[in-house]
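Let me begin by presenting the structure, written as structure tokens, before commenting on it.
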Amino acid sequence: AEQEEHTCSTTLGNIGGNGLEVQVFGTQKSQETRRALRFWSERRVRVHFVDLKERAASKGELQRFAQKFGLSALIDKESRRYGELGLSAARLSDERWMSQLVEEPFLLKQPLTRMGNRLSIGLAESDWKAWVEAARRLSSGPRPAFCSSSASCSRSTWAWIATTWWAHSTPSWPVKSLRRRSPACR
């Protein structure tokens, strides 16, 4: 019986990283957005920050938040832009509100945060802590010590690389470009 050959290479530059990534929509002027960015950086979570001043959130991203929280939860009725546009007296349909939010990102409550399928609006540190804890629990759970053609390298493979290879060598070239096959993938 022929066995399907599977090569599994791992980048050593990612050792120690937790693999978590979060997307934050907001502006640098917003104190809540800055607090959110600080929260994630303190926990060493990779942040993809979308500055609404430079690039507005897409309609699809906003619909994702609107489906979970409702359209009215996205609108910051205390914002200066909301008052400037005179929207307090306006009665707009949901579709018109959505297009207004795409055109005027400063009407959004900030920050909008997404980690995978988890979403939050505003400063929600208790929710974020639960997200991080759940993700870390999931990543440290028991996994098989081998790679199959449909699975990625397990945590024990990373442990082998870190203790056996990485600890006993001092490469003189950039570590990020170095690749090594683990014994579980052979």
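Residue numbers count from 1 along this sequence.
- Listed by first then second residue, pairs satisfying ring pair (Phe, Tyr, Trp, His ring centres under 6.0 Å) with a partner in residues 32-59 read Phe39-Trp128, Trp40-Trp128, not counting sequence neighbours.
- Every side chain to side chain contact (heavy atoms under 4.5 Å, CB included) that Glu32 has, sequence neighbours left out, goes to Ser30, Pro111, Leu123.
- The minimum heavy-atom distance between Met115 and Val22, with the atom names listed, is CB-CG2, 4.2 Å.
- Rounded to the nearest 0.5 angstrom, Ile121 CD1 and Phe25 CZ are separated by 12.0 Å.
- In the hydrophobic clustering of ILVMFWY residues, with side-chain heavy atoms under 4.5 Å counting as a link, Val50 and Phe106 come out apart.
- Remark: Ala134 pairs with Arg118, Arg137 by the side chain to side chain contact (heavy atoms under 4.5 Å, CB included) rule, at least two apart or across chains.
- Within 6.0 Å of the CD atom in Glu78, the count of heavy atoms belonging to other residues, nucleotides or ligands does not exceed 12.
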Test Met98 against Gln63 for side-chain contact (heavy atoms from CB on, under 4.5 Å), laying out the working first. CA-CA 8 Å; Met98 185 59 75; Gln63 283 177 339; 3.8 Å; yes
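- Partners of Ser99 by side chain to side chain contact (heavy atoms under 4.5 Å, CB included), not counting sequence neighbours, listed by chain and number: Arg96, Glu103.
- By the side chain to side chain contact (heavy atoms under 4.5 Å, CB included) test, Val102 is found to be paired with Lys59, Leu62, residues two or more places apart in sequence or in another chain being considered.
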Review item, side-chain donor-acceptor pairs of residues 67-75, under 3.5 Å, at least two apart:
none

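- Side chains of Asp76 and Gln110 form no contact here, defined as non-hydrogen atoms less than 4.5 Å apart.
- Contact record, Arg114 with Leu119: CG-CD2, 3.5 Å, taken as the closest heavy-atom pair.
- Distance check: Leu52 CG to Thr33 OG1 gives 7.5 Å after rounding to the nearest 0.5 Å.
- Taken to the nearest 0.5 Å, the OG1 atom of Thr27 stands 8.5 Å off from the CZ atom of Arg34.
- Arg43 and Arg136 get closest at one heavy-atom pair: O-NH2, 2.8 Å.
- Within the 4.5 Å cutoff, the side chain of Ser120 has heavy atoms near those of the Trp131 side chain.
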